[in-house]
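By convention here, the first residue in the shown sequence is residue 1. Note that these values count all heavy atoms, side chains included, but never hydrogens, waters or copies made by symmetry. All ligand and atom numbering here is 1-based and tracks the order in the structure.
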Amino acid sequence: MRLDLTGGRSYEDRDSGIFLAHRGTYAIFQRGYEKCDSGMFLPVAARAQFSNRAAAMNDVILDLTAIEKHYQNGDTIVRALDGVSLKIHSGEFVAIMGQSGSGKSTLMNIIGCLDRPTSGSYRVLGKEAANLSPDELAALRRETFGFVFQRYNLLATATAGENVEIPSVYAGLPKQKRSIRARGLLQRLGLGDRTDHRPAELSGGQQQRVAIARALVNDPPVILADEPTGALDSRSGDEVLSLLKELHVEGRTIILITHAENVAQHASRIVRIQDGGILDDSGVVTRENRPLVDIADLSLKSAVTLAASMQEALVTAWRSLRVNIFRTVLTLLGIIIGVAAVVAMLAVGEGSRQKVLDRISSFGTNLMLIRPGAAGIRNAGDIVTLIPEDAAAIKALPNIETALPERSGRMTVRFGNRDYQTSVQGTGADFPQARDWKVAEGQFFNADDMKQYAPVVVLGRTVAKTLFPDGGEAVGNYVLLKNVPFLVIGVMTEKGASPNGSDQDDVIFTPINTGLVRLFGKSYLSSITIKVSDAADIAATQERVENLLRERHRTEDFSVRNMASYLQAAIETQDTFTLLLGTVAAISLLVGGIGVMNIMLVSVVERTREIGIRMATGARMRDILLQFNIEAAVVCAAGGLLGILVGVAAGMILRYSGMSVIFSLTPALLAFACASATGLIFGYLPARKAARLDPVVALASE
Ligand code: ADP
Ligand code: MG
């Protein structure tokens with residue numbers, strides 16, 4: 001039914017359910033409504049529920065008084081709004097109409113709490129908006145207002161369904177309910193088969209319907225639509241308008257912004273604005289409305305949604321990383337290299353440490369070594385101090401199993417026409433027992449050989465193989481050392497490589513006395529190796545040895561070290577090595593972290609609009625902060641995981657190339673934790689930048 005009321009009369013008919021008022025406006029009511037005290041119609045059933053608060057306010061839910069909004073534009077001040085006073089009642093369908101540039105969007109941004117006025121008072125549900133906290137404002141945007149924009153403002157990377165769900169995510173609705181609700185709304189708006197399509201796959205009209213579904217998902221009492229038909233063809237535009245009317249009939253308050261007269265005619269009240277001021281207001285026409293939720297109740301709800309917004313942040317993070325996969329990988333590279341370096345280098349470090357320790361301890365923890373020269377003197381080998389008698393004296397001390405006087409030198413050994421350069425080592429008869437090194441053929445020299453300066457030698461396996469390559473019997477032959485014939489009396493078993501990697505079998509042993517006189521031309525020793533009977537008592541034994549030598553030499557011109565102290569030194573060296581590797585790795589993680597920060601800053605700039613949309617749909621600062629922080633953390637955690645894999649792979653390759661590599665869990669976990677922490681630390685700055693964006697500024701960005 002259509003009535004022309006251009007004369008400004010009003011018409012009401014209780015039986016037909018029609019109430020008409022003011023110029024050019026009409027509303028069609030169903031039966032079963034009654035007029036309430038404030039002069040508006042309410043459904044009979046809803047009347048009892050209608051909140052006392054709204055009634056007390058005379059149904060004014062949005063109350064603007066002398067609102068000014070000024071923009072500084074170079075030297076001039078643009079008065080986008082210049083003293084706007086407007087009361088909007090619950091249940092109204094208001095069109096705010098004016099030419100482009102008249103201040104409509106500015107007004108709507110202030111009404112929707114996306115922006116703050118320069119001056120004037122704006123009261124929402126009786127509360128001054130200027131006094132509300134950012135979170136309370138976010139709660140209003142989330143649950144009191146539903147926004148519909150001219151340019152839809154959907155998130156391009158999310159599906160229609162996901163776009164619709166966004167405000168309910170921030171409202172803390174559980175996942176299941178969210179998607180049921182989103183589906184239901186899309187179904188109702190004729191987009192049931194488009195739930196999984198992305199905005200790019202939808203027409204303008206369909207996108208706007210998705211945007212309307214999004215505005216409705218939290219069931220807000222007020223819908224704010226800024227030129228919702230501006231970008232649509234007339235048919236889609238009509239669809240959107242009839243949707244808005246349907247929502248009005250349901251009891252929602254609708255504020256429609258438009259520059260077009262024919263669009264404005266759909267509303268029951270038209271407010272015309274020009275140059276930031278109200279030119280004309282057709283007056284209030286209200287109808288039944290829905291109870292409003294108190295602002296205080298809204299912000300209370302925020303406490304329960306941390307888990308939900310975490311989950312949402314993870315999903316968005318993953319999505320945005322996937323969209324920019326190439327860039328993500330490049331960003332990750334720094335983190336991957338850092339973590340891989342930590343894992344591989346520490347594995348190599350641990351491997352070499354273990355190897356050194358194994359070799360040292362295989363050498364025997366019950367051994368002591370006496371070297372000429374006080375501790376710390378280098379190249380002390382030629383200092384004239386230790387003599388074979390020292391060794392004999394030491395041997396007489398308690399807890400000493402053997403004391404081997406030693407001197408060695410490199411020289412050429414000859415058998416027949418074969419020459420071979422090797423190390424000749426003068427030692428004591430106890431050598432096999434002290435070093436746990438058995439004779440394979442023949443025998444070692446004995447105490448008698450020592451006393452008699454016997455010209456005898458025992459060959460290491462390598463020397464025996466070289467001089468007697470045909471497997472001929474070595475024992476019983478004479479070899480020449482410095483042109484002196486020495487009888488071969490034995491061949492040692494194979495010993496393998498030494499702690500520093502040299503071939504221990506490349507050696508010839510001869511009695512120390514014989515060696516000193518006939519081969520080395522010197523009468524003093526280069527070292528004395530001592531084997532103690534009880535390793536537990538090694539410290540006391542070492543002290544006794546030191547005392548004895550001090551007495552004999554009347555000065556401290558020697559140094560005694562036991563294997564435990566070598567072990568200690570080796571561990572210290574390895575720890576320094578590990579620290580060095582750790583530092584290198586930490587630096588590369590730092591560089592990686594700076595890369596992450598850089599990319600996150602770029603991402604914030606690129607996605608300013610997305611941030612604006614999220615804020616307009618009710619995201620709190622905390623939600624935005626969380627989202628970007630989680631994104632950075634996800635990048636770094638993914639980098640950390642990949643880094644561990646790469647590090648392990650690199651370690652495996654090194655292992656195959658012959659290095660000793662030991663993986664341990666701690667450095668891997670540590671590197672992973674470091675990478676994630678790097679993400680959090682370096683992601684914080686960009687995240688804070690994003691969270692502090694002004695919703696209107698963010699929305700206005702391209
Ligand atoms: P409408 O939506 O009615 O077309 P707007 O509310 O967008 O108009 O703008 C009203 C006036 O305020 C215009 O003159 C516009 O140039 C100015 N304006 C709007 N936003 C800004 C801004 N961020 N900075 C400077 N001037 C602005
Ligand atoms: Mg506008």
Requested in this report: Would you check the N or O atoms of S105, main chain and side chain alike, for any that come under 3.5 Å of an N or O of ligand 1?
Outcome: yes
Query raised in the report: Does T106 bring an N, O or S atom to under 2.8 Å of the Mg ion (ligand 2)?
Result: no
Query raised in the report: Which residue supplies the protein heavy atom nearest to atom 23 (N) of ligand 1, what is that atom called, and how far is it?
Result: Y71 CE2, 3.5 Å
Query - Residue T106 vicinity, atoms of ligand 1 by number, heavy atom under 4.0 Å - result: 5 (P), 6 (O), 9 (O), 10 (C)
Report summary line: Filtering G101, G103, G230, S100 for the heavy atom nearest atom 13 (C) of ligand 1 leaves G101
Query raised in the report: Is atom 16 (O) of ligand 1 less than 4.0 angstrom from some protein heavy atom?
Result: no
Query raised in the report: Within the distance-only criterion (no hydrogens, no angle test), does the side chain of S85 pair as donor or acceptor with the backbone N or O of A66 below 3.5 angstrom?
Result: yes
Query raised in the report: Regarding N73 and T76, is there a side-chain donor-to-acceptor distance under 3.5 Å anywhere?
Result: no
Query raised in the report: Among all protein non-hydrogen atoms, which one is nearest to atom 12 (O) of ligand 1, and what is the separation to 0.1 Å?
Result: A80 CB, 3.3 Å
Report task. Would you mind telling me if ligand 1 is within reach of the side chain of Q99, the backbone, both or neither, using heavy atoms under 4.0 Å? Result -> backbone
Query raised in the report: Do Q72 side-chain atoms and I77 backbone N/O form a donor-acceptor pair below 3.5 Å?
Result: no
Query raised in the report: Got a donor-acceptor contact below 3.5 angstrom from the R620 side chain to the Y170 backbone?
Result: yes
Query raised in the report: Would you call D275 and R79 a salt bridge, taking side-chain N to carboxylate O under 4.0 Å as the test?
Result: no
Query raised in the report: Hey, is the main chain of R198 close enough, under 3.5 Å, to the side chain of E201 for a donor-acceptor pair?
Result: yes
Query - Contact bool for atom 27 (C) of ligand 1 (protein heavy atom, d < 4.0 Å) - result: yes
Query raised in the report: Between N109 and S105, is there a donor-acceptor pair closer than 3.5 Å when you use the side chain of the first and the backbone of the second?
Result: yes
